[in-house]
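Here is the structure we will look at.
Position 1 is the first residue of the sequence, and the numbers go up from there. Computed from heavy atoms alone, side chains included, the values below leave out hydrogens, waters and symmetry copies.
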Amino acid sequence: MLRVSKLTDYGTVILAQMALSPAASYSAASLAQQVTLPASTVSKLLKIMSRSGLLYSSRGKQGGYTLAKAPQEISLAEVIEILEGPIGLTQCSCQSGLCQIESHCAIRQQWQGINGVIHEALQQVSLEALLRQSVQTRPSANNRKPSARELEFSVDNNKPLATNNEPSADKENFDLKM
């Protein structure tokens, strides 16, 4: 199964919360309360993201953490790579020399191609787009979940997603069909 770790998921939740007011400065304690995660987890993630340059940190009474870039400039690929390392479905997808059959593997090139497609899809989804999609698909006041048809629409002006037969140049499109 392909999935990101809990820490990466939590890191994305923290960044999405910060993206609601991108110029604001946040303490680890206030973010922990806002996203209902343990303060130690939030603090750990903020330090990692700050060291990587994704966040600015400042000390003092007015200190805290702020986004180093605008939400539309932060991609999911960047967040995943910062928190997990290179995106790779197989070891040879991101680094050569790790597999004993690499030199004569009949499908290595195909795995690298698939890995490239996934990386590009994640690169095209910004934090801002992820947040807009989240707001757009929240259950209504009566807790009704959105229908499959409602979820078929992209984050951009309710424009239908492309089908396999109709490629789209829309970078905010979440259609990841291969």
Report the distance from atom [atom1] of [X] to atom [atom2] of [Y], rounding to the nearest 0.5 Å.
| X | Y | atom1 | atom2 | result |
| --- | --- | --- | --- | --- |
| I48 | L7 | CD1 | CG | 6.5 Å |
| Q17 | L131 | CD | CG | 8.5 Å |
| S75 | I80 | OG | CD1 | 8.5 Å |
| I14 | L37 | CD1 | CG | 6.0 Å |
| T8 | E81 | OG1 | CD | 11.0 Å |
| M18 | L46 | CE | CG | 6.5 Å |

Looking only at heavy atoms, which two atoms of [X] and [Y] are closest? And how far apart?
| X | Y | answer |
| --- | --- | --- |
| S50 | S57 | OG-OG, 3.3 Å |
| Y56 | L67 | CD1-O, 4.0 Å |
| E78 | E73 | OE1-O, 3.8 Å |
| G63 | S25 | O-OG, 3.5 Å |

### Query
Would you find more than 12 non-hydrogen atoms of other residues, nucleotides or ligands less than 6.0 Å from K69 atom NZ?
yes
### Task
Return yes when atom CD of E102 has more than 12 non-hydrogen atoms of other residues, nucleotides or ligands closer than 6.0 Å, and no otherwise.
yes
Are [X] and [Y] grouped together when hydrophobic residues (ILVMFWY) are joined by side-chain heavy atoms under 4.5 angstrom apart?
| X | Y | answer |
| --- | --- | --- |
| L83 | L31 | yes |
| L127 | V13 | yes |
| Y26 | L55 | yes |
| V4 | I82 | no |
| L54 | V42 | yes |

#### Entry: Short side-chain donor-acceptor distance under 3.5 Å, S5 and E84
yes
I'd like a table of donor-acceptor pairs (distance under 3.5 Å, sequence neighbours excluded) in which one partner is a side-chain atom from residues 103-118, with atom names and distances.
residue	atom	partner	partner atom	Å
Q112	NE2	C92	O	3.2
N115	OD1	L89	N	2.9
N115	ND2	I87	O	3.1

### Query
Does any N or O in the side chain of S27 come within less than 3.5 Å of the main-chain N or O of S30, such that one atom is a donor and the other an acceptor?
yes
### Query
Considering only heavy atoms from C-beta outward, does the side chain of M49 approach that of Y65 to under 4.5 Å?
no
